[in-house]
Amino acid sequence: MSGGKYIDEEGVLYTTPVIREHGNIYKPNNKTMADDFLTETEVRDSHTKEIDLVNRDPKHLNDDVVKIDFEDVIAEPDGTHSFDGIWKTSFTTFTVTKYWFYRLLSAIFGIPLSLIWGIFFAILSFLHIWAVVPCIRSYLIEIQFLSRVYSIGVHTLFDPWFEAMGKMLSFIKISLRKEV
């Protein structure tokens with residue numbers, strides 16, 4: 001904030017008005033009305049954002065679940081080994097079959113399931129925003145009233161009773177003696 005005080009030649013104290021460096025609360029940074037609207041390049045929509053084609057699980061949702069390799073499924077203990085050629089062919093068959101069958105299933109069911117899950121989460125978001133949160137807020141408002149009534153009732157009825165019982169029972173003394 002800038003503003004200050006100064007004294008003129010006659011010794012009269014003057015103060016200058018305080019000028020905020022960041023504008024006022026209604027127009028921060030002293031923007032004009034034309035600057036209030038975002039341009040098209042500034043607006044980014046979530047469904048047009050870039051996706052990463054290399055790291056397709058950036059939040060590591062499936063780290064523990066579906067990272068299944070040949071060694072996780074098939075293992076031969078020491079002393080029980082098949083022919084090396086069979087083992088290599090089994091490894092290649094497993095890996096290639098898993099890879100291409102996953103691609104085939106993704107090609108057939110990926111887009112329909114994406115549509116279904118998109119609809120499901122849209123409905124879930126809609127219900128959460130327009131039904132669940134308002135119901136919870138309404139409940140909290142109502143329960144706040146009931147908690148005040150309950151608190152007044154407890155303080156009015158039970159506090160005097162417990163205080164009286166405490167005073168009556170405070171005179172009771174118990175002493176233990178060991179008899180030999």
Side-chain angles (χ1 to χ4, degrees), residues 1-8 11-52 54-68 72 105-106 109-180:
M1 288 205 207
S2 64
K5 300 177 183 179
Y6 67 92
I7 300 176
D8 68 356
V12 178
L13 176 67
Y14 288 96
T15 60
T16 59
V18 174
I19 300 169
R20 295 185 63 205
E21 295 169 3
H22 299 289
N24 60 37
I25 60 172
Y26 303 107
K27 298 298 266 172
N29 299 323
N30 291 324
K31 290 183 177 179
T32 61
M33 289 295 276
D35 293 337
D36 287 345
F37 298 103
L38 297 174
T39 63
E40 285 184 34
T41 57
E42 292 174 324
V43 177
R44 273 219 118 146
D45 201 359
S46 64
H47 61 275
T48 59
K49 69 180 181 180
E50 295 285 327
I51 60 169
D52 188 359
V54 176
N55 182 13
R56 296 187 183 190
D57 190 8
K59 295 184 179 180
H60 306 287
L61 297 176
N62 297 309
D63 277 354
D64 299 332
V65 182
V66 291
K67 279 191 174 179
I68 304 295
D72 298 326
L105 288 174
S106 296
F109 298 111
I111 293 174
L113 285 173
S114 298
L115 178 69
I116 290 169
W117 284 115
I119 291 169
F120 173 77
F121 282 108
I123 292 169
L124 190 66
S125 298
F126 174 81
L127 290 174
H128 184 76
I129 292 167
W130 293 100
V132 173
V133 172
C135 285
I136 290 172
R137 295 285 184 208
S138 173
Y139 173 76
L140 291 175
I141 290 169
E142 295 301 321
I143 204 72
Q144 188 178 28
F145 167 74
L146 292 176
S147 72
R148 286 183 184 160
V149 170
Y150 178 77
S151 175
I152 290 170
V154 166
H155 289 301
T156 304
L157 299 174
F158 293 114
D159 280 356
W161 187 77
F162 283 122
E163 189 175 332
M165 291 302 294
K167 284 185 180 179
M168 285 175 28
L169 298 175
S170 67
F171 295 111
I172 298 176
K173 293 184 181 179
I174 299 174
S175 61
L176 296 172
R177 285 187 268 175
K178 246 186 191 180
E179 292 187 21
V180 196

Please round to the nearest 0.5 Å and tell me the distance separating atom CD of E163 and atom CG of D159.
-> 8.0 Å

Residue pair V133 / R137, side-chain heavy-atom distance below 4.5 Å = yes

To the nearest 0.5 Å, what is the distance between CG (L127) and CD1 (I129)?
-> 10.0 Å

Any donor-acceptor N/O pair, S170 side chain to K167 backbone, under 3.5 Å | yes

To the nearest 0.5 Å, atom CZ of F120 lies from atom OG of S125 at 9.5 Å

Would the W161 and F158 ring centres measure less than 6.0 Å apart?
-> no

Donor-acceptor contact present, side-chain S138 to main-chain P134, <3.5 Å | no

Spacing of NE2 belonging to H60 relative to CG belonging to N55, to within rounding of 0.5 Å | 6.5 Å

How many angstroms lie between atom NE2 of H128 and atom CD1 of I136, to the nearest 0.5 angstrom?
-> 7.0 Å

Where the side chain of S151 meets the backbone of S147, is there a donor-acceptor pair that is under 3.5 Å apart?
-> no

Hey, is CG on L146 packed in by over 12 heavy atoms from elsewhere, all under 6.0 Å?
-> yes

What residues form a side chain to side chain donor-acceptor pair (under 3.5 Å) with D52, not counting sequence neighbours?
-> none

Point-to-point distance, once rounded to the nearest 0.5 Å, from OG of S106 to CD1 of I111 = 10.5 Å

